[in-house]
Structures are given as C-alpha cells and as structure tokens.
2 protein chains.
Amino acid sequence: MSEEVIPHELRLAIMRLARRLRAQKADDTISDSQMSVLAKLHHEGAHTIGQLSEGEKVTPPSMNRTVNSLETAGYVARGAAPDDGRKVVVTITAAGTEFVQQTQSRRDAWFVSRLEQLTPDQRTTLDAAASVIRELADS
Amino acid sequence: MSEEVIPHELRLAIMRLARRLRAQKADDTISDSQMSVLAKLHHEGAHTIGQLSEGEKVTPPSMNRTVNSLETAGYVARGAAPDDGRKVVVTITAAGTEFVQQTQSRRDAWFVSRLEQLTPDQRTTLDAAASVIRELADS
DNA sequence: TATTGTTATACTCTATAACTATA
DNA sequence: TATAGTTATAGAGTATAACAATA
C-alpha cells in the first residue's frame, strides 16, 4: 500500500460500483436525493425540514422542494410539531416504507447476482475485506 | 457468502464509503461530469463527441454542452477529423492534463489518509480484494 | 437517406435572497 | 430579534426535437 496507484484505482472502483448499486431502484420515478431522504426517514424515524437539510447537507429550500416531491408521490406526510409551531415534522407513509424495502431488496438482489459471478476464492477474499471496508466507511 | 446478511452489509458499507469519497470535493471549479470526460481524455486520448457521449452514457447534446464548458475553461480543444468532415475530435490541453493530475491527487488524498489508519494486515486484506472489487464494478 | 454535431427548448436539482409565521 | 419554513428566481446539467453539414 506504499504505492499511490492502488488507492487511486481502488477508490475509482468503489465509486463506480456504488454508482451501479445506486442505479438499482424500485423504479425511476424518484431521484437520488429523494431516495436518500426516504431511507433516512425509514431508518431513523420522523425529522423536521431543518434536521433533514442539515443531515443531507442541502439548503432548507432544496430540502423543502425534495419533501414536496415525496409528499406529492405519497411517500411522506407533513405534520405539525407539538412543541414549536414553526416546525414541520416529516414522516414516512406506508407506501414510502414499502418503496424503501422494495428498493433495498432490488439492490441486494443485483449485488448478490454479481457476487455469484465470482469464483469461490474471490468471494473468500472479498468476505475477508468486508470488515475492513466497513471500518473505512465509518472512520 | 451463502448468507444474505453479508452481501447486504457489504453493499451498505461500499455505498457509505463511496458517499464519503464523493463528499471530498476540495475546491473544484468543474463538475463531476466534466471531470469524468477530462479524465477519459487524459487516460485514453482524443475522442469524438459521439464517442464521449456513448462512453459517458449521456446524449450528444449534453456532451456537446459539457465539451463547450471544458473548452471555455481551456482544458480541451476541438479539432477536425481527417477522415470525416462531420466529426469533431476533442483533445485535452496541457492545462487540462495538469488539472486532472492535481484534482485526482486531491481526491486520492482523503482516501490515502483513511488507508493509513488501517493495520498492515488490514491493508494486505484490502489489497487482495482490490482486484475483486474492480471486477465487480466492471461486471 | 443516414449520420455527426449543434441549437432550441424544457425539466430537475441546486443555490441565494426575500418573505411569512412563530418564538 | 431570531428561527423554521416557504416562495421567487437563477444557474448547472440533462433530455427530446429540430436543424445544418457531410457521407
């Protein structure tokens, strides 16, 4: 790992693989940023517009528009915050939850189908590296 | 690799790592798509508009606009094709080459700094998996 | 006629600035 | 006054449709 070439090519391969994984959605009616917000609401529960814009590193007007699109699609709902009349609480709907689950299934299926093309040795190598990749992602 | 859990978590880790890599934009003055075209010209030499649009999976008008931006920035130049008067050959300039090298170095820096946090054993494991990840990304 | 590149136009996602309602 | 959300407007990037030049 003393060479510069290996990190460079590994970085490109990881970004390219992630790009292909991201393309596997339940359908093409929803953008990447919309999908990201929907997944966040699914995993972490309700958020305000401000919390979402901060978490997704987007401006409040942009997040407002993203939430508008998801609301029109029926995947999220706006509600009043009990403690503060200025805040808007965004929650995921049943349809939104189902969409997230379908998308995750599809991405997993695509990834598994690719893994099945590898040799047993390659899968063993990748399996050993999985924990390292997790650590890199969380470091 | 017969379990579903491992592909699922590996997939999430790869997507999360890619998301963090993508966030390391430094102070770039050109977009991702422009950078991608510039890198292609740098590594693979001159291409026509049609070749670029096909390779980047974008429509010809979009690629035309991307090339316009790069040309205005002084990073590429248009030239006539000797064999076919309809074609336009796009080549990278010296300034474009330098920009690619500097930008890629900046983007690699973050990744290298993360790799340096790993143990030697972890780096060896990851190094062995790099070719498998490349194959996955290109499969 | 078919192909290559370009122009015209529109839609999406992002941003900044200004506005409304509430604290 | 300050904050949370929204609206107005503009700048990239992408797309389809139509056009010009060349094969």
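This is a predicted model, so every value here is computed, not measured. Just so you know, these numbers use all the heavy atoms, side chains as well, and skip hydrogens, waters and symmetry mates.
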Inset, instruction - Answer yes or no: is there a donor N or O on one side and an acceptor on the other, between the side chain of R123(B) and the main chain of L118(B), under 3.5 Å? - result: yes
Inset, instruction - Indicate the atoms forming the closest heavy-atom contact of R78(A) with N64(A), along with that distance. - result: NH2-OD1, 2.9 Å
Inset, instruction - Tell me whether the OP1 or OP2 atom of dC13(C) has a side-chain N or O from S62(A) closer than 4.0 Å. - result: no
Inset, instruction - Enumerate the residue pairs fulfilling salt bridge (charged side-chain N to carboxylate O under 4.0 Å, His left out) with a member in residues 43-67 of chain B, sequence neighbours excluded, ordered by first and then second residue. - result: K40(B)-E44(B)
Legend entry - Phosphate OP1/OP2 of dT14(C) contacted by T66(A) side-chain N/O (<4.0 Å): yes
Legend entry - Any side-chain donor near an acceptor of the partner, S69(B) and T72(B), under 3.5 Å: no
Legend entry - Close residues, residues 68-80 of chain A, relative to DNA chain C [heavy-atom separation under 4.0 Å]: none
Inset, instruction - Nearest 0.5 Å please: distance from the CZ atom of F99(B) over to the NE2 atom of H42(B). - result: 12.5 Å
Inset, instruction - State, to 0.1 Å, how close T93(A) and A77(A) come at their nearest heavy-atom pair, and which atoms those are. - result: CG2-N, 4.1 Å
Legend entry - Spacing of I30(B) atom CD1 relative to dG13(D) atom C1', expressed in whole Å: 14 Å
Inset, instruction - Rounded to 10°, tell me the angle between the two end axes of the helix from dT1(C)-dA23(D) to dA23(C)-dT1(D), each built from five pairs. - result: 20°
Inset, instruction - Would you confirm whether Q122(B), through its side chain, and T119(B), through its main-chain N or O, come within 3.5 Å as a donor-acceptor pair? - result: yes
Legend entry - Close residues, residues 39-55 of chain A, relative to DNA chain C [heavy-atom separation under 4.0 Å]: none
Inset, instruction - Please report the closest heavy-atom contact between V112(B) and P7(A), naming both atoms and the distance. - result: CG2-CB, 3.8 Å
Inset, instruction - First locate atom NE2 of H8(B), then atom OG of S105(A), and finally report the distance between them rounded to the nearest 0.5 Å. - result: 9.5 Å
Inset, instruction - Determine, for nucleotides 18-23 of chain C in 5'-to-3' order, which nucleotides have protein heavy atoms under 4.0 Å from the base (write B), from only the sugar-phosphate (write S), or from neither (write -). - result: ---BBS
Inset, instruction - Tell me whether the OP1 or OP2 atom of dA15(C) has a side-chain N or O from T59(A) closer than 4.0 Å. - result: yes
Inset, instruction - Mind calculating the distance between NZ (K57(A)) and P (dA15(C)) to the nearest angstrom? - result: 13 Å
Inset, instruction - Please report, rounded to the nearest Å, how far the P atom of dT3(C) is from the CG atom of N64(B). - result: 19 Å
Inset, instruction - Output the single nucleotide from dC13(C), dT14(D), dG5(C) whose closest atom is nearest the side chain of R65(A). - result: dC13(C)
Legend entry - Separation of L126(B) CG from I133(B) CD1 (nearest 0.5 Å): 6.0 Å
Legend entry - Those residues that, when tested against E98(B), pass salt bridge (Lys or Arg N to Asp or Glu O under 4.0 Å) (two or more places apart): none
Legend entry - Spacing between M63(A) atom CE and dC13(C) atom P, to the nearest angstrom: 12 Å
Legend entry - Heavy-atom pair of closest approach, residues A46(B) and Q51(B): O-OE1, 4.5 Å
Inset, instruction - Examine distances only and state if a side-chain atom of H43(A) and a backbone atom of L41(A) form a donor-acceptor pair shorter than 3.5 Å. - result: no
Inset, instruction - Report the distance from atom CG of D32(B) to atom C1' of dT14(C), rounded to the nearest whole Å. - result: 13 Å
Legend entry - Closest contact, heavy atoms only, V58(B) versus S62(B): CG1-CB, 2.9 Å
Inset, instruction - Report yes if a side-chain nitrogen or oxygen of Q34(A) is closer than 4.0 Å to either non-bridging phosphate oxygen (OP1 or OP2) of dT12(C); otherwise report no. - result: no
Inset, instruction - Can you figure out which of dT14(C), dG5(C), dT14(D) approaches the side chain of K87(B) most closely? - result: dG5(C)
